[in-house]
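A short write-up of the structure that comes next.
Read the numbers this way: they start at 1 and go in the same order the structure lists the ligands and their atoms. Because only heavy atoms are used, hydrogens play no part in the values below, and waters and symmetry mates are left out as well, while side chains stay in.
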Amino acid sequence: MKKSLPLSQVYKFLEPGPVVLVTTSIKGHHNIMAMSWHAMIDFNPPLIGCVISNRNDSFAILKKTNECVINIPTVTLIKKVVGCGNTKGSKVDKFNKFHFTPKHAQTVKAPLIDECYVNLECKVIDKKMVNKYNFFILQVTKAWINSKQKNPKTMHHLGNGLFMISGKTIKLPSKMK
Ligand SMILES: Cc1cc2nc3c(=O)[nH]c(=O)nc-3n(C[C@H](O)[C@H](O)[C@H](O)COP(=O)(O)O)c2cc1C
């Protein structure tokens with residue numbers, strides 16, 4: 001039996017995850033926010049679409065600098081990730097508060113978070129939908145991975161403080177590359 005699903009709850013079922021940490025930087029001040037509303041748009045060069053609310057401090061920095069890093073954490077960092085999602089960069093130095101280590105990126109001024117096993121340096125290439133939807137199109141300009149990280153467990157947001165942790169991997173004859 002099915003019952004009506006409130007439209008406000010739809011997002012919980014399509015959240016692709018993983019939850020990522022977006023770093024931005026302006027005038028030497030680094031910021032971090034948690035983000036789960038993102039989607040791949042193209043393979044190569046990799047293009048990513050993401051929604052960053054204009055209520056977030058990261059929004060103004062990204063709109064101005066056109067640069068960020070998408071850092072992918074494993075579940076061991078989950079409390080810090082949620083902490084970055086519950087605090088404002090204008091009030092808190094999140095690198096300091098959550099003991100994250102900033103590392104220089106190669107193609108952008110925003111820092112990599114060393115503790116994250118993947119870091120994607122990104123430049124904003126299209127802001128046409130920013131005013132209406134807070135939707136940025138990013139191009140990944142440099143990507144890093146910690147090759148020692150085996151079987152990373154990522155976290156996927158289900159809404160209201162619930163997370164699903166990535167699990168079993170299976171292989172099937174799929175034509176999708
Ligand atoms: C799990 C999680 C996922 C989030 N996903 C998004 C998102 O996709 N887009 C967004 O604008 N805010 C998202 N947020 C909220 C921001 O991370 C939050 O507003 C943060 O405080 C912004 O920081 P800032 O003001 O320093 O930029 C998420 C928060 C959490 C905890």
Q: Mind checking side chain to side chain donor-acceptor pair (under 3.5 Å) for Asn146 and listing every partner two or more places apart, or none if nothing turns up?
A: none
Q | side chain to side chain donor-acceptor pair (under 3.5 Å) involving Lys128 - partner list, sequence neighbours excluded | A | Asp126
Q | Interatomic distance, Thr24 atom OG1 to Asn56 atom CG [nearest 0.5 angstrom] | A | 10.0 Å
**Q.** Nearest-0.5 Å distance that lies between atom CG in Asn66 and atom SG in Cys122
**A.** 12.0 Å
Anything under 3.5 Å between a donor and an acceptor, one on a side chain of residues 96-114, the other on a protein residue two or more places apart or in another chain? List them.
{"from": "Thr101", "atom 1": "OG1", "to": "Glu115", "atom 2": "OE2", "distance (Å)": "2.5"}
{"from": "Thr107", "atom 1": "OG1", "to": "Glu121", "atom 2": "OE1", "distance (Å)": "2.5"}
{"from": "Thr107", "atom 1": "OG1", "to": "Thr141", "atom 2": "OG1", "distance (Å)": "2.7"}

Q.
Given Val81, which partner from the list Cys116, Pro73, Ser36, Pro18 fulfils the side chain to side chain contact (heavy atoms under 4.5 Å, CB included) test?
A. Pro73
Just the distances, no angles: every ligand 1 N or O to protein N or O pair closer than 3.5 Å, one line each.
{"from": "ligand 1", "atom 1": "5 (N)", "to": "Ser36", "atom 2": "N", "distance (Å)": "3.0"}
{"from": "ligand 1", "atom 1": "5 (N)", "to": "Ser36", "atom 2": "OG", "distance (Å)": "3.4"}
{"from": "ligand 1", "atom 1": "8 (O)", "to": "Ser36", "atom 2": "N", "distance (Å)": "3.0"}
{"from": "ligand 1", "atom 1": "8 (O)", "to": "Trp37", "atom 2": "N", "distance (Å)": "2.8"}
{"from": "ligand 1", "atom 1": "9 (N)", "to": "Val51", "atom 2": "O", "distance (Å)": "2.9"}
{"from": "ligand 1", "atom 1": "11 (O)", "to": "Ser53", "atom 2": "N", "distance (Å)": "2.7"}
{"from": "ligand 1", "atom 1": "11 (O)", "to": "Asn56", "atom 2": "ND2", "distance (Å)": "2.9"}
{"from": "ligand 1", "atom 1": "12 (N)", "to": "Asn56", "atom 2": "ND2", "distance (Å)": "3.3"}
{"from": "ligand 1", "atom 1": "14 (N)", "to": "Ala34", "atom 2": "O", "distance (Å)": "3.3"}
{"from": "ligand 1", "atom 1": "17 (O)", "to": "Ala34", "atom 2": "N", "distance (Å)": "3.2"}
{"from": "ligand 1", "atom 1": "17 (O)", "to": "Ala34", "atom 2": "O", "distance (Å)": "2.8"}
{"from": "ligand 1", "atom 1": "19 (O)", "to": "Asn56", "atom 2": "OD1", "distance (Å)": "2.7"}
{"from": "ligand 1", "atom 1": "21 (O)", "to": "Gly85", "atom 2": "O", "distance (Å)": "3.3"}
{"from": "ligand 1", "atom 1": "21 (O)", "to": "Thr87", "atom 2": "O", "distance (Å)": "2.7"}
{"from": "ligand 1", "atom 1": "23 (O)", "to": "Thr87", "atom 2": "O", "distance (Å)": "3.3"}
{"from": "ligand 1", "atom 1": "23 (O)", "to": "Lys94", "atom 2": "NZ", "distance (Å)": "3.1"}
{"from": "ligand 1", "atom 1": "25 (O)", "to": "Asp57", "atom 2": "N", "distance (Å)": "2.8"}
{"from": "ligand 1", "atom 1": "25 (O)", "to": "Lys88", "atom 2": "NZ", "distance (Å)": "3.3"}
{"from": "ligand 1", "atom 1": "26 (O)", "to": "Asn31", "atom 2": "ND2", "distance (Å)": "2.8"}
{"from": "ligand 1", "atom 1": "26 (O)", "to": "Gly89", "atom 2": "N", "distance (Å)": "2.6"}
{"from": "ligand 1", "atom 1": "26 (O)", "to": "Lys94", "atom 2": "NZ", "distance (Å)": "2.9"}
{"from": "ligand 1", "atom 1": "27 (O)", "to": "Asn31", "atom 2": "ND2", "distance (Å)": "3.4"}
{"from": "ligand 1", "atom 1": "27 (O)", "to": "Asp57", "atom 2": "N", "distance (Å)": "3.2"}
{"from": "ligand 1", "atom 1": "27 (O)", "to": "Ser58", "atom 2": "N", "distance (Å)": "2.8"}
{"from": "ligand 1", "atom 1": "27 (O)", "to": "Ser58", "atom 2": "OG", "distance (Å)": "2.5"}

